[in-house]
Amino acid sequence: MGQDRGKYDFYIGLALAISSSIFIGGSFILKKKGLLRLARKGSMRAGQGGHAYLKEWLWWAGLLSMGAGEGANFAAYAFAPATLVTPLGALSVLVSAVLSSYFLTERLNLHGKLGCLLSILGSTTMVIHAPQEEEIDSLEDMAKKLVDPGFVVFATAVIIIALIFIFVVGPRHGQTNILVYITICSVIGALSVSCVKGLGITIKEAISGKPVLRNPLAWLLLLSLIACVSTQINYLNKALDIFNTSLVTPIYYVFFTTSVLSCSAILFKEWEHMGTDDIIGTLSGFFTIIVGIFLLHAFKDVSISLATLAVSIRKDEKNGPVLNGMAANNHSSYELLHTEDFDDRESGLPFDSVSRRNGAMTVS
């Protein structure tokens, strides 16, 4: 019965994670549309420290969409392991890329389509090999994990890195380097996922009738989550306002997922319950997603499609025999030009005034 319940929870978490990706992917588009509208109005941009987006309804629609996605994501962590839920955020990258090609005129070329396919394949691989059992089932277990020396060192390092980027690196390089604000969001995101996982356990215990509200850990997790999410929203807005959405989304995914997987390995130790084949499958799926995201956005400015690829292949096949007979063709072309030049001189036209372009003759 317990094993059946575990599988039931697993699939609930999977469904919630997929729906979360859809809402979050759409939220990037809505937010970007709102920020672009403000930029056209001449309002101070978020990247410059402005907060005019708070008066833009499109931005609020994006925020609500992200809230719905994060809510579904929040619930997913209560049912499924973080090793499964977090990497499925790649689907939000796919949704964002497809929608941006329609609503933000950011073209999705052949590389992008292949990247979307690889992202789906990688996500599927991770779902197949993800752990289906939980390590933490109560707040008491969560409290023990939070004071583990390994996690204490990890959390301290994350906070120090975030503070350095916020107060030192950000003011100097945030406007020109896309990695600055995304790094802040990603490392803080690792802690926010830990808080979400703990609060998910809190809610499940509250539903079962346990007096969790009297536990100070529950309130500590809630306040920490609010601080982390507020920081993420602020710096993600800055990154979206300054840089292209199709660049921010995939880089944020890779950094954020890597941070969460590292945190999950240290705090929840879900990897200890996985066999060697599942670990290899999970890592392979994750790297496949990274390759897919790289194809999706690294070549986004290259105008290539199946039609242009077919034309290029036919052109190469046509130029093959031409290159083999280049000398003969050049000789024939020289003779033809020489004859035409002679005819031009005989007709009384100055030789220098004759111009030939694409087989046509014009007189200057």
Side-chain angles (χ1 to χ4, degrees), residues 24-25 27-56 58-60 62-63 65-67 69-70 86 89 92-93 96-97 100 104 106 154-193 195 224-263 290 293-294 296-298 300-301:
I24 292 176
S27 74
F28 281 104
I29 307 303
L30 291 172
K31 283 187 174 183
K32 184 67 175 183
K33 292 282 286 185
L35 293 172
L36 289 175
R37 177 180 292 187
L38 288 174
R40 288 194 297 267
K41 293 179 180 178
S43 303
M44 181 178 289
R45 306 182 65 172
Q48 299 171 344
H51 297 282
Y53 56 83
L54 295 175
K55 299 179 181 179
E56 175 58 51
L58 266 177
W59 185 88
W60 279 105
L63 183 63
S65 178
M66 178 168 282
E70 293 295 345
T86 303
S92 68
V93 178
S96 177
S100 64
L104 298 179
E106 297 175 2
F154 175 81
T156 303
V158 164
I159 294 173
I160 292 174
I161 291 173
L163 292 175
I164 290 175
F165 271 76
I166 290 173
F167 295 106
V168 179
V169 182
R172 297 179 182 177
H173 306 288
Q175 298 287 327
T176 57
N177 193 325
I178 191 174
L179 299 181
V180 175
Y181 293 146
I182 292 180
T183 300
I184 296 173
C185 296
S186 301
V187 296
I188 293 297
L191 297 181
S192 68
V193 167
C195 297
S224 299
L225 178 63
I226 293 174
C228 290
V229 171
S230 300
T231 303
Q232 285 180 268
I233 290 176
N234 182 41
Y235 286 97
L236 185 59
N237 275 332
K238 292 185 177 183
L240 284 171
D241 186 51
I242 298 171
F243 305 102
N244 195 305
T245 307
S246 60
L247 288 177
V248 173
T249 307
I251 297 175
Y252 176 60
Y253 166 77
V254 174
F255 277 48
F256 176 74
T257 305
T258 302
S259 300
V260 172
L261 290 179
S262 301
C263 182
I290 292 177
I293 291 175
F294 176 78
L296 186 61
H297 299 289
K300 66 182 184 64
D301 294 327

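All of these numbers come straight from a predicted model, not from anything done at the bench. Along the sequence shown, residues carry numbers from 1.
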Open item on the list: Run the side-chain contact (heavy atoms from CB on, under 4.5 Å) test against Phe154 and tell me which residues pass, sequence neighbours left out.
Closed with: Phe151, Val158, Ala190, Ser262, Cys263, Ile266

TODO: List in chain and number order the residues that pass side-chain contact (heavy atoms from CB on, under 4.5 Å) with Val169, two or more places apart in sequence or in another chain; answer none if no residue qualifies.
DONE: Ile164, Phe165, His173, Val180

- [ ] Can you sort out the partners of Ser230 under side-chain contact (heavy atoms from CB on, under 4.5 Å), two or more places apart, ordered by chain and number?
- [x] Ile226

Open item on the list: I need the minimum non-hydrogen distance between Ser192 and Gln232, along with the two atoms involved.
Closed with: OG-OE1, 3.1 Å

- [ ] Starting at CG of Asp241, measure out to NZ of Lys32 and round the result to the nearest 0.5 Å.
- [x] 6.5 Å

TODO: Please determine which of Ile166, Leu236, Ile242, Asn234 meets the side chain to side chain contact (heavy atoms under 4.5 Å, CB included) test together with Tyr181.
DONE: Ile242

Task: CZ-CD distance between Phe243 and Gln175, expressed to the nearest 0.5 angstrom - done: 7.5 Å

- [ ] Apply side-chain contact (heavy atoms from CB on, under 4.5 Å) to Ser27 and list each qualifying residue two or more places apart in sequence or on a separate chain.
- [x] Ile24, Ser65, Met66

- [ ] Measure the CD1-CD1 distance between Ile233 and Ile188 for me, rounded to the nearest 0.5 Å.
- [x] 13.0 Å

Task: Inter-residue atom distance Ile182.CD1 - Phe255.CZ, 0.5 Å rounding - done: 7.0 Å

TODO: Could you pull out all residues at least two apart from Tyr252 that satisfy ring pair (Phe, Tyr, Trp, His ring centres under 6.0 Å)?
DONE: Phe256

Task: Residues that Thr183 engages under side chain to side chain donor-acceptor pair (under 3.5 Å), provided they are two or more places apart - done: none

